[in-house]
*Asks:* 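Dropping the structure in here first, questions after.
Numbered from 1 within each chain, the chains take letters A, B, ... in sequence-line order. The model shown is predicted, which means the values in this text are computed figures rather than measured ones.
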2 protein chains.
Amino acid sequence: MNWKQLFPQFEPELIELIEKEAVQRSFNAGDIIMRTGQYIKSTALVLEGQIKIYRENQDGGEFLMYYLGPGQACAVSMICAIQSHTSEIMAKAEEDTEVLMIPVQLMDDMMNKYKSWYQFVIQTYRSRFDELLSVVDNIAFRNMDERLEFYLKRYTDKTGKKNIELSHQQIADDLNSSREVISRLLKKMEQRNMVKLHRNMIELL
Amino acid sequence: MNWKQLFPQFEPELIELIEKEAVQRSFNAGDIIMRTGQYIKSTALVLEGQIKIYRENQDGGEFLMYYLGPGQACAVSMICAIQSHTSEIMAKAEEDTEVLMIPVQLMDDMMNKYKSWYQFVIQTYRSRFDELLSVVDNIAFRNMDERLEFYLKRYTDKTGKKNIELSHQQIADDLNSSREVISRLLKKMEQRNMVKLHRNMIELL
DNA sequence: CTCACAATGTGACAGAAATCACAACCGTAT
DNA sequence: ATACGGTTGTGATTTCTGTCACATTGTGAG
């Protein structure tokens, strides 16, 4: 996998350093990559696949925050790594996923030496923060129907596909809602010609 | 105001630089410090008072995210400043407030030269991110009664006072709820001896 | 083909919260 | 003292969402 294309902004020496020190790891769809309370010893750059970042509460309820795709990095792992705190979130591989693990010890050095890395880290913070902001917006101000629309839109934006291959139950989990509610709202959306429903698949129109 | 005590971790040279280049500004209680869509040309360090960071939606609904007190800095302004993006949030002075404005141009340099500044920035990101996470937790998983308890607790933690001098309407605004709901929930809390209600003041027991 | 199981549809009901309507209350400026 | 405005209390009603119960449908294994 030629990962360099994903990070064209990195300087040659930085690429060399990463090539030498980072470890590539694979995860299968469904694998838990990081769990709440776990210590973090490296930052992950996503090369391939999709990682789902979500919050879990005591009763097993889940709540999707955002996805990480190729070319992106986990802001939480960066912050935690630098400060050696435990993670407060869960990360699960949505698809088969390849990541590049950069050991914590290198982070400080890289921040100092490589402008492009520094920029990348700032950029990562910024976009994750923004995504969290829009998540807050949605649950604070919007009803489930609008949140569902936003969810579907984000999903197609992320995957590029118009067909969303998820069961109603999976969607309900991500939105911390219940299957029946999602089914009903989807039906309404179908009546308004916004989607077409199939088994295990929703077609966005 | 001897601001250096608030930032004991800063190196002497960094303090000198800030002293030379930063501008101190005062805001009165109620002043809007930053509004959605506004360009940001400096990062603010809070010296005195409290700043409320919140989100606003189209219909004028507000939603409190967190407070910034003395010794803290606005993560959003840092990120925006570095990338010269517009802000996505509102900042309002809760009390009369003193802040130190550090011009954007200095940021890059400070990040490179002063380890303590770099640490401070990372620390700031981390704590704001964590606060946003707990905000998401609250609205995603908790009902209004629990959110209200959290809100009151946070308020007393922040101000140090056991007496919360807010009207029910103000609380409702911060939680994006309605006055009647808050009044009723507070009554219930009073019956459970968790608070004592007065006019414009709530006593936490 | 048929059985089993997962996914989906649907009605009935419960609870939380928003909204409306209005009463009561407190403080203060005149 | 009174009148006014902001604050708080409370009932009635509605909407949204979650929950329970159960029917229906599609799909793949045997």
Side-chain angles (χ1 to χ4, degrees), chain A residues 29-30 57-64 135-152 155 163-192 194-204, chain B residues 29-30 57-64 136-152 155 163-204:
Chain A
N57 74 350
Q58 308 87 314
D59 329 329
E62 293 187 8
F63 185 84
L64 170 68
V135 165
V136 170
D137 262 23
N138 274 291
I139 40 183
F141 297 130
R142 315 231 174 274
N143 287 344
M144 195 55 78
D145 53 351
E146 290 183 284
R147 288 175 53 200
L148 177 58
E149 282 181 44
F150 179 84
Y151 175 90
L152 297 176
Y155 192 92
N163 294 341
I164 300 159
E165 294 183 4
L166 293 172
S167 73
H168 299 179
Q169 185 64 62
Q170 286 174 286
I171 298 174
D173 289 344
D174 283 346
L175 292 170
N176 193 47
S177 176
S178 71
R179 203 259 315 159
E180 296 91 322
V181 171
I182 301 301
S183 286
R184 279 192 259 265
L185 291 176
L186 283 171
K187 260 270 155 292
K188 274 192 207 158
M189 287 179 71
E190 191 174 39
Q191 282 157 13
R192 276 183 280 146
M194 303 170 67
V195 296
K196 201 157 183 321
L197 300 181
H198 309 264
R199 191 186 178 79
N200 276 315
M201 197 263 275
I202 298 163
E203 199 181 335
L204 205 60
Chain B
N57 75 348
Q58 309 86 313
D59 329 330
E62 292 185 10
F63 184 85
L64 170 68
V136 169
D137 262 23
N138 273 293
I139 39 182
F141 297 130
R142 316 232 172 273
N143 286 345
M144 196 54 80
D145 53 352
E146 291 183 285
R147 289 175 51 199
L148 177 58
E149 281 182 44
F150 179 85
Y151 175 89
L152 296 176
Y155 192 91
N163 294 342
I164 300 159
E165 295 183 2
L166 293 172
S167 73
H168 300 179
Q169 184 64 61
Q170 286 174 286
I171 298 174
D173 289 345
D174 283 345
L175 292 170
N176 192 47
S177 175
S178 71
R179 203 258 318 154
E180 295 91 323
V181 171
I182 301 301
S183 287
R184 278 191 259 264
L185 291 176
L186 283 171
K187 261 270 156 290
K188 273 191 207 159
M189 288 179 71
E190 191 174 38
Q191 283 157 13
R192 276 183 280 148
N193 283 316
M194 304 171 66
V195 296
K196 203 159 182 320
L197 301 180
H198 309 264
R199 191 187 176 77
N200 276 317
M201 196 264 273
I202 298 164
E203 199 182 333
L204 204 60

*Asks:* Which of the following nucleotides, D:dT8, D:dT10, C:dG9, is nearest to the side chain of B:K187?
*Replies:*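 Of all the options, the side chain of B:K187 is nearest to D:dT10.
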*Asks:* Excluding sequence neighbours, so at least two apart, what forms salt bridge (charged side-chain N to carboxylate O under 4.0 Å, His left out) with B:D137?
*Replies:* A:R55
*Asks:* Report the residues that fulfil side-chain hydrogen bond (donor to acceptor under 3.5 Å, both in side chains) with A:D173, sequence neighbours left out, ordered by chain and then residue number.
*Replies:*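 Only A:Q169 meet the side-chain hydrogen bond (donor to acceptor under 3.5 Å, both in side chains) criterion with A:D173.
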*Asks:* Could you write out each protein N or O paired with an N or O of nucleotides 2-6 of chain D at a distance under 3.5 Å?
*Replies:*
from, atom 1, to, atom 2, distance (Å)
D:dG6, N2, B:R199, NH1, 3.2
D:dG6, N2, B:R199, NH2, 2.8
D:dG6, N3, B:R199, NH2, 3.3

*Asks:* Can you tell me how far C1' of C:dT8 sits from CD of A:Q170, to the nearest Å?
*Replies:*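 Answer to the nearest Å: 14 Å.
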*Asks:* How close or far is atom P of C:dT8 from atom CG of A:L197, stated in whole angstroms?
*Replies:* 9 Å
*Asks:* What integer distance in Å separates A:E146:CD from D:dC16:C1'?
*Replies:* 13 Å
*Asks:* Not counting sequence neighbours, which residues clear side chain to side chain contact (heavy atoms under 4.5 Å, CB included) with B:N200? List them please.
*Replies:* B:S167
*Asks:* Could you work out, with side-chain hydrogen bond (donor to acceptor under 3.5 Å, both in side chains) as the rule, every residue matching A:E165, not counting sequence neighbours?
*Replies:* none
*Asks:* To the nearest 0.5 Å, what is the distance between CD (B:Q58) and CZ (A:F141)?
*Replies:* 8.5 Å
*Asks:* The helix from C:dC1-D:dG30 to C:dT30-D:dA1: angle between its terminal axes, five pairs each, to 10°?
*Replies:*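 End axes: 20° apart.
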*Asks:* How many Å lie between CD1 on A:I164 and P on C:dT8, as a whole number?
*Replies:*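 To the nearest whole Å, that distance equals 13 Å.
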*Asks:* In whole angstrom, what separates A:L186's CG from C:dT8's P?
*Replies:* 9 Å
*Asks:* Taking the side chain as every heavy atom from C-beta outward, state whether B:I202 and B:Y155 have any pair of such atoms under 4.5 Å apart.
*Replies:* no
*Asks:* In whole angstrom, give the distance that lies between atom CD1 of B:I202 and atom C1' of D:dT7.
*Replies:*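 B:I202 atom CD1 is separated from D:dT7 atom C1' by 12 Å.
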*Asks:* Got a sec, which residues hit side-chain hydrogen bond (donor to acceptor under 3.5 Å, both in side chains) with B:S183, two or more places apart in sequence or on another chain?
*Replies:* B:H168
*Asks:* Is there any salt bridge (charged side-chain N to carboxylate O under 4.0 Å, His left out) pair reaching into residues 178-189 of chain A, and which pairs are they, with sequence neighbours excluded?
*Replies:* A:K187-A:E190
*Asks:* Starting at atom NE2 of B:H198, determine the distance to atom C1' of C:dC25, rounded to an integer number of angstrom.
*Replies:*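 Result: 16 Å.
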*Asks:* Starting at NE2 of B:H168 and ending at P of C:dC26, how long is that distance when rounded to a whole Å?
*Replies:* 13 Å
*Asks:* Could you tell me whether the side chain of B:M194 reaches within less than 4.5 Å of the side chain of B:E149, counting heavy atoms only?
*Replies:* yes
*Asks:* Who are the side-chain hydrogen bond (donor to acceptor under 3.5 Å, both in side chains) partners of B:Y151, not counting sequence neighbours?
*Replies:* B:D174
*Asks:* How does protein contact run along nucleotides 16-23 of chain C, one letter per nucleotide 5' to 3', with B for base contact, S for sugar-phosphate only, - for none, heavy atoms under 4.0 Å?
*Replies:* SSBBBB--
*Asks:* Among all residues two or more places apart in sequence or in another chain, which pass the side chain to side chain contact (heavy atoms under 4.5 Å, CB included) test with B:N143?
*Replies:*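 By the side chain to side chain contact (heavy atoms under 4.5 Å, CB included) rule, B:N143 matches B:D145.
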